[in-house]
Amino acid sequence: MSYYKIAILPGDGIGPEVIKEAVLILEEVAKHFHHTFEMKYGLIGGVAVDKTGTPLPTETVELCKNSDAILLGAVGGPKWDQELSHRRPEAGLLGIRKTLNLYANLRPVTLFDALLHTSPLKSENVIGTDVLIVRELTGGIYFGTPRERKNGENGQEAIDTLRYSEKEIERILRQGFQIAQGRKKKLTSVDKANVLESSRLWREVADRLSYDYPDVKLEHMLVDNVAMQLIRNPRQFDVIVTENMFGDILSDEASMLTGSLGMLPSASLSDTGPGLYEPIHGSAPDIAGKDKANPLATILSVAMLLRHSLRLENEADSIENAVKKTLEAGYRTGDIGFDWERVLTTTQMGTMVRSYLKSPVQNG
Ligand SMILES: NC(=O)c1ccc[n+]([C@@H]2O[C@H](COP(=O)([O-])OP(=O)(O)OC[C@H]3O[C@@H](n4cnc5c(N)ncnc54)[C@H](O)[C@@H]3O)[C@@H](O)[C@H]2O)c1
Ligand SMILES: CC(C)[C@H](C(=O)O)[C@@H](O)C(=O)O
Ligand SMILES: [Mg+2]
């Protein structure tokens, strides 16, 4: 029996809906495997702006720092579109990533066999898709300064800055190499080195580091080509490592290989301190409040949390297995079930996954 502290940050839109199902899964795991998960809730995003005036209250940061892991839903929505940039919900998410130094964002793109025909691509092209996108999460154009508006000769000018230090590049690339060592030993480093100076530095560092990982085959690929290759032949990839914005865009694209954006979990990790786990999708304002969202990305994020932060491998496996069984039994939410006669609500999908969760005794 073990005791763990988990911070729960539901956020906005469908965030609270998918988090509710994920928390019920955690409670089920606690029961079956005899753990205690102390779950404390915190505010982040638009809901935090409304209640405290800031998207990342100090109490939330303290809660996260004092937890073993963090589970987050999603932030943002049209209600806050007119907010000043430091009061935008997204600033809360970027703030917690930066504050906790969560520079390594793992986004596994794994197609469940049961969803083979849900992917918009031809089955023979996507079958067996298993790619891990390693996205740099605390640098690049998201955080570079100067970042400002000013008056120029042709009206207002807006400036964003894409800046990377060698140290930032090296630490994320090392993550990529090490993760590849535990998989099929192929690392695709994605950049735009034909245009960007930051990408040229990125490529130099990757080449230098590759001598430390002789068992890993390193290849460089330009980001526009990767966007195309992911659709043409995703199985050529094992681990993809890339900078912040390329990783954001490529992971939404890659999610469709698995059938839906609602299927992709993520882990955001630092070298020390708690990891943060969240679906890669957003607050989905178009379906919020309708009990329609697919909770599987968040439920699979719980599995990542158990595996990476709490080192509970069997418990993580049991969740992934329950999701697999649920899909094999033909249960679908609307995003992965457009041809299905009966589509489940968010709540029903969560209930179904819980029913397939087995205790270690039952597994044995
Ligand atoms: N990590 C995050 O919190 C995060 C991520 C992305 C976007 N956002 C924010 O979310 C808001 C909406 O952004 P957007 O509409 O561009 O992206 P989105 O990811 O919220 O939604 C894109 C589309 O995918 C669908 N979708 C997303 N998740 C789904 C799920 N679990 N099940 C079924 N369908 C799902 C939505 O209905 C929508 O049609 C914005 O404020 C954005 O900044 C937050
Ligand atoms: C909401 C936004 C800031 C965020 C990002 O761009 O990192 C989201 O798109 C994501 O992928 O987690
Ligand atoms: Mg994104």
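Counting starts at 1 for both ligands and their atoms, in listed order.
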One finds that the ligand 1 atoms under 4.0 Å from a non-hydrogen atom of Gly76 are 41 (O)
Short side-chain donor-acceptor distance under 3.5 Å, Ser309 and Tyr277: yes
query: Do any nitrogen or oxygen atoms of Leu72 lie less than 3.5 angstrom from nitrogen or oxygen atoms of ligand 1?
result: no
task = Answer yes when Glu170 and Arg208 have at least one side-chain N-carboxylate O distance shorter than 4.0 Å, and no when they do not.
result = yes
Tell me if a side-chain donor or acceptor on Ser199 pairs with a main-chain N or O of Lys192 at a distance below 3.5 Å.
yes
(message) Would Gly77 count as being in polar contact with ligand 1, using the rule that some N or O on each side must be under 3.5 angstrom apart?
(response) yes
Q: Indicate whether atom 3 (O) of ligand 1 is within a distance of less than 4.0 angstrom of some protein heavy atom.
A: yes
Note: ligand 1 atoms sitting under 4.0 Å from heavy atoms of Gly262 are 30 (C), 31 (N)
Polar proximity ligand 2 side, Arg97 side, N/O cut 3.5 Å exclusive:
yes
Counting from 1 in the order shown, the ligand 1 atoms closer than 4.0 Å to a non-hydrogen atom of Leu93 are 1 (N), 2 (C), 3 (O)
Notebook entry, point to check: Going by distance only, is there an N or O of Asn244 that falls short of 3.5 Å from an N or O of ligand 2?
Noted result: no
Under 3.5 Å, N or O to N or O, is Glu90 touching ligand 2 that way?
no
